[in-house]
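Everything quoted here is computed from the prediction, not taken from an experiment. FYI, the numbering just counts along the sequence from 1. Side-chain atoms are counted along with the backbone in the values below, which use heavy atoms only and exclude waters and symmetry mates. Whatever order the structure lists them in is the order used to number ligands and atoms, beginning at 1.
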Amino acid sequence: MAWRCSAEAAAPPRGAPGFSFSAAAGPLPDEVGAEVAAACRPGRTSILSLPFTSPAFRHLQEETEACLRRLLGIPDRFRVLFLAGGASAQFALLPLNLLGTAGHASYVDSGCWSRRAIAEARRYAEVSIAARAFAAVPDVAEWQVDPRAAYCHITSNETADGLQFRDFPALAVPLVADMTSDLLTRPLDFTRLSLVYAGTQKTIGTPGLTVVIADERLLGRARPETPCVMDYAAQAAADSRLCTPPVFPIFVAHCMLHWIAAQGGVPAMAEAARRRSDAVYAALAEGEGTYAIAVDPAHRSHINPCFRLASEAQTPPFLQAAEAAGLHDLRGHPEVGGVRVSLYNGVADEAVDALLDFLRAFARERSGLCTA
Ligand SMILES: Cc1ncc(COP(=O)(O)O)c(C=O)c1O
């Protein structure tokens with residue numbers, strides 16, 4: 001039995017045969033999973049009951065931050081915060097912390113997640129849309145960033161729509177990026193970015209931790225009503241320990257970051273993401289007629305390739321056949337539909353190979369049915 005809970009009957013136990021391509025949470029590589037499982041064993045030193053006040057936790061947090069800084073080349077003037085509340089909490093905390101006396105913020109509307117960030121920001125700020133990026137990201141020369149904006153926000157990888165910003169534009173106002181689905185999968189340019197945030201559940205570990213990497217020049221502007229534990233400057237001053245930090249997810253992130261470093265760091269993750277997504281897009285192109293992709297090739301996500309079947313009616317049989325082949329969690333986001341593949345850092349190459357075989361076989365079978 002994998003776990004005991006009321007959902008047991010409904011949920012397949014982890015470790016069931018096959019592979020998950022879930023967009024919601026990335027798998028841990030086997031080595032990392034084993035390390036985490038060993039650290040969870042009951043006893044005085046179990047990670048599950050490590051007090052955040054202990055020297056051992058402080059050491060763990062320092063090492064996690066140091067590894068993150070090395071992997072991403074984070075300059076000294078940036079502060080790294082380890083917060084709870086999920087990436088969605090940041091949708092509100094960004095305006096609360098960054099607006100200062102400016103009432104304005106600019107956002108690029110690029111799909112499902114940016115729209116959620118925009119809706120939340122509108123509760124606190126006058127939001128203008130700098131650009132609309134659906135099938136492609138317009139050239140930055142066409143963006144209309146409000147010069148009064150305290151910041152301009154992008155969602156660097158639209159997890160639900162399969163669109164990814166290829167680079168980070170140089171703007172006249174601070175650039176803020178939601179990187180929940182592509183942090184640690186690509187190099188970052190901190191000469192252009194002022195703040196980056198990400199929930200760690202997809203590319204760096206397990207749910208419960210949100211990393212905020214912020215230029216310290218942006219800190220100290222929180223609106224007075226901002227809860228103290230949500231005030232970036234207050235958390236930075238307290239080394240993210242103003243309240244109990246998410247100890248276990250920090251431990252998992254620590255293991256994942258060291259695993260990433262051992263694989264060759266961010267360049268190796270970026271290379272794997274490109275190679276694997278290229279292979280998926282090539283298999284989809286071979287099955288033209290069966291599969292259709294809405295996003296322009298130049299802005300297709302290296303992390304979450306999204307596609308549709310020739311007709312919506314073919315999606316359920318596709319998903320059923322995939323499940324039967326051991327390929328799980330391929331259903332598109334409920335607001336978008338279609339099919340979505342998630343290629344987070346922990347996805348094994350053999351999972352991608354199995355998916356490629358399936359995509360080709362399904363398209364062959366469909367074209368056989370059409371011509372018969
Ligand atoms: C790009 C992006 N931003 C934000 C979120 C929300 O993350 P959370 O569930 O941690 O609030 C997600 C979740 O899938 C996401 O993909």
Ring-face cation contact, Y124 with R223, 6.0 Å cut, 45° max: no
Distance flag, aromatic centroids of F318 and F358, threshold under 6.0 Å: yes
Shortest protein heavy-atom distance from atom 1 (C) of ligand 1, along with the residue and atom involved: T159 OG1, 3.3 Å
The one among Q201, R116, Q90 that brings a heavy atom closest to atom 10 (O) of ligand 1: Q201
For atom 11 (O) of ligand 1, the protein heavy atom that lies nearest, with its residue and separation: S88 OG, 2.6 Å
E323 and H328: side chain donor to acceptor below 3.5 Å: yes
G199 heavy atom under 4.0 Å from ligand 1: no
Aromatic ring proximity Y344/F21, centre distance under 6.0 Å: no
For G86, atoms of ligand 1 separated by under 4.0 Å from a heavy atom: 10 (O), 11 (O)
T155: numbered ligand 1 atoms lying under 4.0 Å from its heavy atoms: 1 (C)
Sub-4.0 Å atoms of ligand 1 with respect to non-hydrogen atoms of F91: 4 (C)
Min heavy-atom dist K202 to ligand 1 below 4.0 Å: yes
Shortest protein heavy-atom distance from atom 8 (P) of ligand 1, along with the residue and atom involved: A87 N, 3.6 Å
Side chain to side chain donor-acceptor pair (under 3.5 Å) partner of S156, the single match among D182, D167, T180: D182
Exam field: side chain R340 to backbone T159, donor-acceptor pair closer than 3.5 Å: yes
Residues R69, E65: salt bridge by 4.0 Å N-O rule: yes
Protein contact of atom 3 (N) of ligand 1 - nearest heavy atom, named by residue and atom, plus distance: D178 OD2, 2.6 Å
R79 side-chain N/O to A236 backbone N/O, donor-acceptor pair under 3.5 Å: yes
Residue-ligand contact E158/ligand 1, heavy atom below 4.0 Å: no
